[in-house]
Amino acid sequence: MSLLEALRGAVGAANVLSDGDLSAWEIDWRKRYRGRALAVVRPGNSAEVAAVVKACAAHGAGIVTQGGNTGMVGGSVPDASGTQVVLSLARLNRIRAIDAANLTMTVDAGCVLQSVQEAAAAQHLLFPLSLAAEGSCTIGGNLATNAGGTQVLRYGNARELCLGLEVVTAAGEVWDGLSGLRKDNTGYDLRDLFIGSEGTLGIITAATLKLYPQPAAVMTALAALPTLEAALQLLQLAQTRLGAGLTGFEVMGKFALSLVRKHFPQLAQPLPPAPWMVLLEQSDTESESHARALFESLLESALEAGIISDAAVAESLVQSHTMWHLRESIPLAQAEEGLNIKHDISLPVSRIPSFVAATDDALLAAFPGARLVNFGHLGDGNLHYNLQAPEGVAAADFLRDSEAAVNAIVYDAVVEHGGSISAEHGIGALKRGELAQRKPAVALALMRSIKTALDPAGLLNPGKLL
Ligand code: FAD
Ligand code: 2HG
Ligand code: ZN
């Protein structure tokens, strides 16, 4: 039996796509990787996922698991060989159970993040993972990349929001680890092995997630600042005054916001341009008036101390959405501006200003006119330190000629400043070479042993991560 026939037997002919335009599954969100799939397979439950894995294993076919295909590092698309099978989990989209007393919910891996947030909200609970792609990324993809997003400083990243997993192994077995336990020391933590493994160790088919009580009020403010040092001072002040109430602290450079203004002129920018803008979010357990009073006093103190030059507190939910929309439109504005180089890096927060000063200088000396797009989750030390080609230079040419040298400058500086070359997007195809060069040999060897033990034939997402 051919592989296509076996796949049709596993999930039904209607769920095996092998003819026609498959580009939606073959091209990544950033349009940097264009592969060719033997087929796109859409199982409807974990047993069907297991059957697909067994069929692929029997034919030696590579399996590229895909959720929402919003990943930033080319991990979710097949290579150009035309031999790999894309395993789309979009049909695994059931909310399986919500245990309000245990503050957990169990969901299929193909559930779109926003639908998970909404299901929690319907029970007056909060699932705090939040990112601009939440309307299309999936829980499985979030866990496979250990996604971060905008609430990490308070609630942690996807790993910290997950208590249990169900996984289909490379042998086509289903491991049921869907525990809602907050304590479980029964040997090696298999859950944490699969989280962040980018589809290279197993296929996540379901997860048990942590929920939180909903805050009484959530409030947003924007502040304009002269320097990144001032942004750090504001962060410290906000942490002191708001404590655990500080749930978002995002930074945006002037050029990043100018791209939003250029490509989305309809989006209101509440404050005039400034070298840096910070978006603060506060979640309050008491009331909106309590939150507002805290915010106003914090921002007044910051103004008096000369830390910020201007500020606006959102007066309504609409204004709050507008502020978030501004921030979340930066990646889209970058995409509109053209192909670009991204660096999703993390650094000790205290070293971010010196990193940016030194690296801006080094890049502009080597690539005069390069346009630096700087923004990110400053509250947890994660910068999106990106570049657009100089004005008038074709983006594809700039990337072809300069990306390697740009990356060398940036990643050398990251290492010098005690940082990581991937904060939240993962390694995928994009940073595989960089990981091989920069991760300690002992760590790489351990990672390879784990890969060999769990996927001896190397069928799960070949050519990604390792
Ligand atoms: P995909 O892109 O489909 O896959 C990503 C990786 O996970 C691939 O390697 C894939 O093989 C693997 N995978 C997917 N599903 C599974 C599964 N069920 N089992 C095993 N492996 C699987 N990321 C952040 O961390 N923080 C952000 O703030 C953020 N903002 C973003 C904003 C925009 C506009 C966009 C487009 C992306 C953003 N991302 C962000 C990146 C991306 O959304 C996240 O990485 C997301 O978690 C990917 O989910 P997905 O379902 O789209 O996964
Ligand atoms: C974000 O924080 C995403 O908006 C995307 O992680 C970052 O486009 C980027 O570089
Ligand atoms: Zn981000």
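The chain is numbered in sequence order, starting from 1. When a ligand or atom number is given, it counts from 1 through the structure's own listing order.
Looking at H384 and E424, their side chains do bring a donor and an acceptor atom within 3.5 Å of each other. Between the side chains of E281 and T247, a donor-acceptor pair is found at a separation under 3.5 Å. Between the side chains of N407 and H343, at least one donor-acceptor pair of N or O atoms lies under 3.5 Å. At a cut-off of 3.5 Å, with distance as the only test, no side-chain donor of S346 or N382 sits close to an acceptor on the other residue. Under the 3.5 Å distance criterion, with hydrogens and angles disregarded, no donor-acceptor pair is assigned to the side chains of T70 and S136.
Considering backbone and side-chain N/O atoms, T150 never comes within less than 3.5 Å of an N/O atom of ligand 1. Looking at T145 next to ligand 1, an N or O pair under 3.5 Å apart turns up. Considering backbone and side-chain atoms together, G68 places an N or O closer than 3.5 Å to an N or O of ligand 1. Polar contact check, G148 against ligand 1: a nitrogen or oxygen pair lies under 3.5 Å apart. In terms of N/O distances under 3.5 Å, ligand 1 is approached by E424. Considering backbone and side-chain N/O of C137, none are found under 3.5 Å from N/O of ligand 1. Ligand 1 has an N or O atom lying under 3.5 Å from an N or O atom of I204, backbone or side chain. Looking at I203 next to ligand 1, no N or O pair under 3.5 Å apart turns up. Where the criterion is an N or O separation shorter than 3.5 Å, residue side chain and backbone included, G75 meets it with respect to ligand 1. Looking at ligand 1, you won't find any N or O of S136 less than 3.5 Å from one of its N or O atoms.
Close contacts of ligand 2 with H377, meaning ligand atoms under 4.0 Å from a residue heavy atom, involve 2 (O). Heavy-atom contacts of L89 reach the following atoms of ligand 1: 18 (N) (cutoff under 4.0 Å). Taking a cut-off of under 4.0 Å to the non-hydrogen atoms of K342, the atoms of ligand 2 that pass are 8 (O), 9 (C), 10 (O). Interface of M72 with ligand 1, defined as ligand atoms under 4.0 Å from a residue heavy atom, comprises 33 (C), 35 (C), 36 (C), 37 (C), 38 (C), 41 (C). When each atom of ligand 1 is checked for a heavy atom of A147 under 4.0 Å away, the hits are 25 (O), 47 (O). The distance from ligand 2 to the heavy atoms of H384 drops below 4.0 Å at these ligand atoms: 1 (C), 2 (O), 3 (C), 6 (O), 7 (C), 10 (O). Residue-ligand proximity, G71 to ligand 1, at heavy-atom distances under 4.0 Å covers atoms 2 (O). Residue contact check: G202 has heavy atoms under 4.0 Å from atoms 20 (C) of ligand 1. Numbered from 1 in the order shown, with element, the atoms of ligand 1 that lie under 4.0 Å from a heavy atom of N461 read 9 (O), 11 (O). For ligand 1, the atoms closer than 4.0 angstrom to any heavy atom of S76 are 1 (P), 2 (O), 3 (O), 4 (O), 8 (C). With ligand atoms numbered from 1 in the order given, ligand 2 contributes 9 (C), 10 (O) to contacts under 4.0 Å with heavy atoms of N386. Near L131, meaning under 4.0 Å from any of its heavy atoms, are these atoms of ligand 1: 27 (C), 28 (O), 29 (C), 30 (N), 40 (C), 43 (O).
In terms of protein heavy-atom proximity, atom 47 (O) of ligand 1 is closest to N142 ND2, 2.8 Å. Here the heavy atom of the protein found nearest to atom 6 (O) of ligand 2 is H425 NE2, 2.7 Å. In terms of protein heavy-atom proximity, atom 3 (O) of ligand 1 is nearest to G67 N, 2.7 Å. The protein heavy-atom contact nearest to atom 48 (C) of ligand 1 is T70 OG1, 3.4 Å. Protein heavy atom at the shortest distance from atom 53 (O) of ligand 1 is G141 CA, 3.5 Å. Protein heavy atom nearest atom 16 (C) of ligand 1, with residue, atom name and distance: T65 CG2, 3.6 Å.
When side chains are defined from C-beta on, S88 does not count as touching V41, because their heavy atoms never get closer than 4.5 Å.
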For this session: Kindly determine whether L246 and L153 satisfy side chain to side chain contact (heavy atoms under 4.5 Å, CB included), including the steps that lead there.
Result: CA-CA 8 Å; L246 181 66; L153 76 169; 3.8 Å; yes
Exercise. Please walk me through it: do L228 and W276 pass side chain to side chain contact (heavy atoms under 4.5 Å, CB included)?
Worked result: CA-CA 7 Å; L228 262 181; W276 297 94; 3.6 Å; yes
For this session: Go through the steps for N386 and N374 under the test side chain to side chain contact (heavy atoms under 4.5 Å, CB included), then give the verdict.
Result: CA-CA 6 Å; N386 300 343; N374 212 327; over 6 Å; no
For this session: Show your reasoning for whether side chain to side chain contact (heavy atoms under 4.5 Å, CB included) applies to L131 and C137.
Result: CA-CA 9 Å; L131 40 117; C137 66; 3.6 Å; yes
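Just one residue in the list T452, L465, T200, L201 forms a side-chain contact (heavy atoms from CB on, under 4.5 Å) with M447, and that residue is L465.
Between L7 and V52, the shortest heavy-atom contact is CD2-CG1, 3.8 Å.
Not a single heavy atom of G428 lies less than 4.0 angstrom from ligand 1.
Under 4.0 Å from ligand 1, the heavy atoms of H425 that appear belong solely to its side chain. Counting heavy atoms closer than 4.0 Å to ligand 1, residue E328 contributes nothing at all.
A salt bridge is absent between K464 and D79: the closest approach of a Lys/Arg side-chain nitrogen to an acidic carboxylate oxygen does not fall below 4.0 angstrom. A salt bridge links R371 with E391: the distance from a Lys NZ or Arg NE/NH1/NH2 to an Asp or Glu carboxylate oxygen falls below 4.0 Å. With salt bridges taken as basic N to acidic carboxylate O contacts below 4.0 Å, none links R351 and E416. Between E166 and R96, at least one side-chain nitrogen of the basic residue sits less than 4.0 Å from a carboxylate oxygen of the acidic one, meeting the salt-bridge criterion. The pair K262-E337 meets the salt-bridge criterion, with a side-chain N (NZ, NE, NH1 or NH2) lying under 4.0 Å from an Asp/Glu carboxylate O. In summary, R191 and D189 engage in a salt bridge, as defined by a charged side-chain N under 4.0 Å from a carboxylate O.
When distances to the Zn ion (ligand 3) are checked against a cut-off of 2.8 Å, H384 contributes an N, O or S atom below that limit.
Between E424, E328, R327, it is R327 that holds the heavy atom closest to atom 2 (O) of ligand 2. Nearest to atom 22 (C) of ligand 1 by heavy-atom distance, out of A144, A132, S197, is A144.
In this structure, K439 places its NZ atom where only 12 or fewer heavy-atom neighbours from other residues, nucleotides or ligands lie under 6.0 Å away.
Geometry note: the Zn ion (ligand 3) is the vertex, H377 NE2 and E424 OE2 are the arms, and the angle is 90° (rounded to 10 degrees).
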